[in-house]
Amino acid sequence: MQGQPLRLKVPVRVCRSDTAEAVLDPAGLRTTGQARVRSPGGANVTRSVQGGARANLAKSVEASPQGYIVTLVLTVDGTLENVRLIDPLPGASARRGALSVQGPSLANLNARADGDAIVLSRVIPGTYSLTYPLTTDVPADQVVTAPDLDW
């Protein structure tokens, strides 16, 4: 088999859309190739308020054919009024699509966008899932912005 190409598949962790490099040690063989971030990742935040109520917000971003799908999962252990899920858009060209909200049946699930925030007028204990499509021209490694909570 001398003279035949040897093909190896190796895992490569890519943090930015760019060029990835793989090195085979100890031989020192190197190869590079174009890399594309397909699943940008996520972020989390937890807040407590007087009276002991706590809220946790987890954000994840997945690639889709038209851009990205952003999912915000809010978990609360007390009733809260005017909860603001602060979710900055990544760049001036970013656009948030229609918002889908699921949660406890007795909660007010009418969410509204207010700039970089999504407002839920009243939440009761439970878990809420908010999903929306995101279109943007920023690279995938810059799509995940840090979420925050306020009420």
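Position 1 is the first residue of the sequence; numbering continues from there.
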Rounded distance (nearest 0.5 Å) linking atom CG of D150 with atom CG of L57: 12.0 Å
Are the side chain of T145 and the backbone of P88 linked by a donor-acceptor contact shorter than 3.5 Å? yes
State, with a plain yes or no, whether a side-chain heavy atom of T79 is found less than 4.5 Å away from one of E81. yes
Do V73 and Y132 share a hydrophobic cluster (ILVMFWY, side-chain heavy atoms under 4.5 Å, transitive)? no
Do I69 and V61 pass the side-chain contact (heavy atoms from CB on, under 4.5 Å) test, and can you show the C-alpha distance, the side-chain angles, and the key distance before you say yes or no? CA-CA 6 Å; I69 299 295; V61 180; over 6 Å; no
Please examine the side chains of W151 and N82, heavy atoms only from C-beta on, and report whether any two atoms are closer than 4.5 Å. no
Any ion pair linking D87 and R96 (charged N to carboxylate O, less than 4.0 Å)? yes
Tell me whether V144 is reachable from L130 by hopping between hydrophobic residues (I, L, V, M, F, W, Y) whose side-chain heavy atoms are closer than 4.5 Å. yes
Within the structure provided, determine whether T135 and Y68 are in side-chain contact (heavy-atom separation under 4.5 Å). no
Atom pair CG (L109) and OH (Y128), whose distance is rounded to the nearest 0.5 Å: 7.0 Å
Report yes if some heavy atom in the side chain of V143 is under 4.5 Å from a heavy atom in the side chain of V138; otherwise report no. yes
Is K59 reaching over with its side chain to a backbone N or O of V70, donor-acceptor style, under 3.5 angstrom? no
Out of L74, V76, I118, which one pairs with V83 under the side chain to side chain contact (heavy atoms under 4.5 Å, CB included) rule? L74
For the backbone of R54 and the side chain of D77, can you confirm whether one donor and one acceptor N or O come within less than 3.5 Å of each other? yes
Can you name the closest pair of heavy atoms from G126 and P104 and give their distance? CA-CG, 4.0 Å
Could you report the tightest heavy-atom contact between P90 and T136, atom names first, then the distance? O-OG1, 3.2 Å
Is it the case that D137 and S93 place a side-chain donor and acceptor less than 3.5 Å from each other? yes
Below 4.5 Å, heavy atoms only, C-beta onward: do L72 and S129 meet side chain to side chain? no
If I take atom CG from residue L120 and atom CG from residue L80, how far apart are they, to the nearest 0.5 angstrom? 10.0 Å
Applying a strict under-4.5 Å side-chain criterion to I, L, V, M, F, W and Y, I'd like to know whether V119 and L99 cluster together. no
Nearest 0.5 Å, please: how far is CG in D116 from CG in L85? 12.5 Å
